[in-house]
Amino acid sequence: MNILGIETSCDETSAAVVNEQSILANIIATQSIHQKYGGVVPEYASRAHIIKLAPIVQEALHTAGMDFRDLDGLAVTFGPGLAGSLLAGLCFCKGLALSLNIPWIGINHIEGHIVAVHANQQNIDYPAICLVASGGHTILVYIKEPLHYRILGRTIDDAAGEAFDKVAKILGLPYPGGPSVEKFAQTGNEAAIRFPRALLENDNYNFSFSGLKTAVLYYVESLHKQGIEAPMADICASFQKAVIDVLAQKSFNAVKEYRCKSLILAGGVVRNTPLRENFRELARHSQVHFYAPAPDLCTDNAAMIARAGYMRLIQNQRSDFMLDVVPNLSFTDSPN
Ligand code: KG4
Ligand code: ZN
């Protein structure tokens, strides 16, 4: 079965083709127009999707060595995300489904991130804990079996990626902040500044990153007032370590409490190399299987949406033409 996936929830226009075992094509076009604004401008994002979507889908089919007639199903993100951006993808998918007369399904973007790991690693030992850390979400999920979720905790304010983006802005680094902060952190000392680790003492799986971001802001402002130049590398390394410590401690606590065999990472933030290395090392110590998607499958891409679509379509799940976009679609416990 060949499934075409479409992802346009934010500022990445992406189309992918997957079959049972592998990714046959995964084309991702990043919109550079947002860089000069220091964040995504929703109207520009939707307009860029409208222009890029058709050629990107054609390119995905071409890379997969296929024709529209070779497709057996379609999958598209219908939320959460920017309304105009989601509409561009959903309308395109409905048009294709209508003309090709094949089944299609709307996918929750968060589920896409979670199943990204299945694109390059099919045999995961469940039950598992999955940490989803992206620009819009930070969620800890207990996965009894594939597509069966129980939410253990989530951020009560900023998402981990949002904290990276805001700290980058405070330091005058380019958007998106994660890669810039990681780069500066490489030459910094992670023990140089002791930034706060929120909610670690609390007996729950929620996260909070807004205090950490404010601590960085106050630190930079106080140096500025004293006429001292901010030590960028040390700030980035210390901030990054504070984020990793919180994410890791909560994740491994959950693995222990729920007696999971595996820990799965998901979302744009887990592209971060020191984060992956910290988790890998901790997993080795606790004798837990550790899985992280390849870097290009961590940030937004259509292969993860196509994979989620594949997994649901083979269970005969379908969407119908009444489906609308849901910009604030939440990710909740699976039924029963
Ligand atoms: O999953 P994603 O592509 O989009 C959302 O669904 O939000 O995640 C984007 C987020 C951004 O906040 C970006 O700064 C962060 O992932 N990110 C990183 C890295 N690469 C991307 N954060 C830390 N380190 C990175 N290398
Ligand atoms: Zn995402």
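One is the number of the first residue; the rest follow in order along the sequence. Remember, it's 1-based here, ligands and their atoms both numbered in the order they're listed.
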Checklist entry - What class does the angle between the rings of Phe252 and Phe279 fall in, given that below 30° is parallel, 30 to 60° is tilted and above 60° is perpendicular? => result tilted
Checklist entry - Is it true that Phe331 and Tyr149 have ring centroids separated by less than 6.0 Å? => result yes
Checklist entry - Does His109 have a non-hydrogen atom less than 4.0 Å from ligand 1? => result yes
Next on the checklist: Any heavy atom of Pro179 closer to ligand 1 than 4.0 angstrom?
Outcome noted: yes
Taking distance alone, with N or O pairs closer than 3.5 Å, would you say [X] contacts ligand 1?
| X | value |
| --- | --- |
| Glu12 | no |
| Gly161 | yes |
| Phe164 | no |
| His113 | yes |
| Gly136 | yes |

Item to check | Salt bridge flag under 4.0 Å for residues Glu43 and Arg47 | outcome: yes
Next on the checklist: Looking at Lys169 and Asp165, is any side-chain nitrogen of the basic one under 4.0 Å from a carboxylate oxygen of the acidic one?
Outcome noted: no
Checklist entry - Do other residues, nucleotides or ligands put more than 12 heavy atoms under 6.0 Å from the OH atom of Tyr258? => result yes
Checklist entry - When you measure from the side chain of Asn278 to the backbone N and O of Asp245, does any donor-acceptor pair fall under 3.5 Å? => result no
Of all the non-hydrogen atoms in the protein, which one sits nearest to [atom], and at what distance?
| atom | result |
| --- | --- |
| atom 24 (N) of ligand 1 | Asn272 ND2, 3.1 Å |
| atom 23 (C) of ligand 1 | Gly178 CA, 3.5 Å |
| atom 21 (C) of ligand 1 | Gly268 O, 3.4 Å |
| atom 11 (C) of ligand 1 | Asp165 OD2, 3.6 Å |
| atom 26 (N) of ligand 1 | Glu182 OE1, 2.7 Å |
| atom 9 (C) of ligand 1 | Gly135 N, 3.7 Å |

Checklist entry - Looking only at heavy atoms, is any part of Asp300 under 4.0 Å from ligand 1, and if so is it the side chain, the backbone, or both, or is it neither? => result both
Can you tell if the side chain of [X] reaches within under 4.5 Å of the side chain of [Y], non-hydrogen atoms only?
| X | Y | value |
| --- | --- | --- |
| Leu247 | Thr138 | yes |
| Arg312 | Leu147 | yes |
| Leu71 | Ile3 | no |

Next on the checklist: Strictly under 2.8 Å, is the Zn ion (ligand 2) approached by any N, O or S atom of His137?
Outcome noted: no
Next on the checklist: Suppose you place the vertex at the Zn ion (ligand 2); what is the angle out to His113 NE2 and Asp300 OD1, to 10°?
Outcome noted: 100°
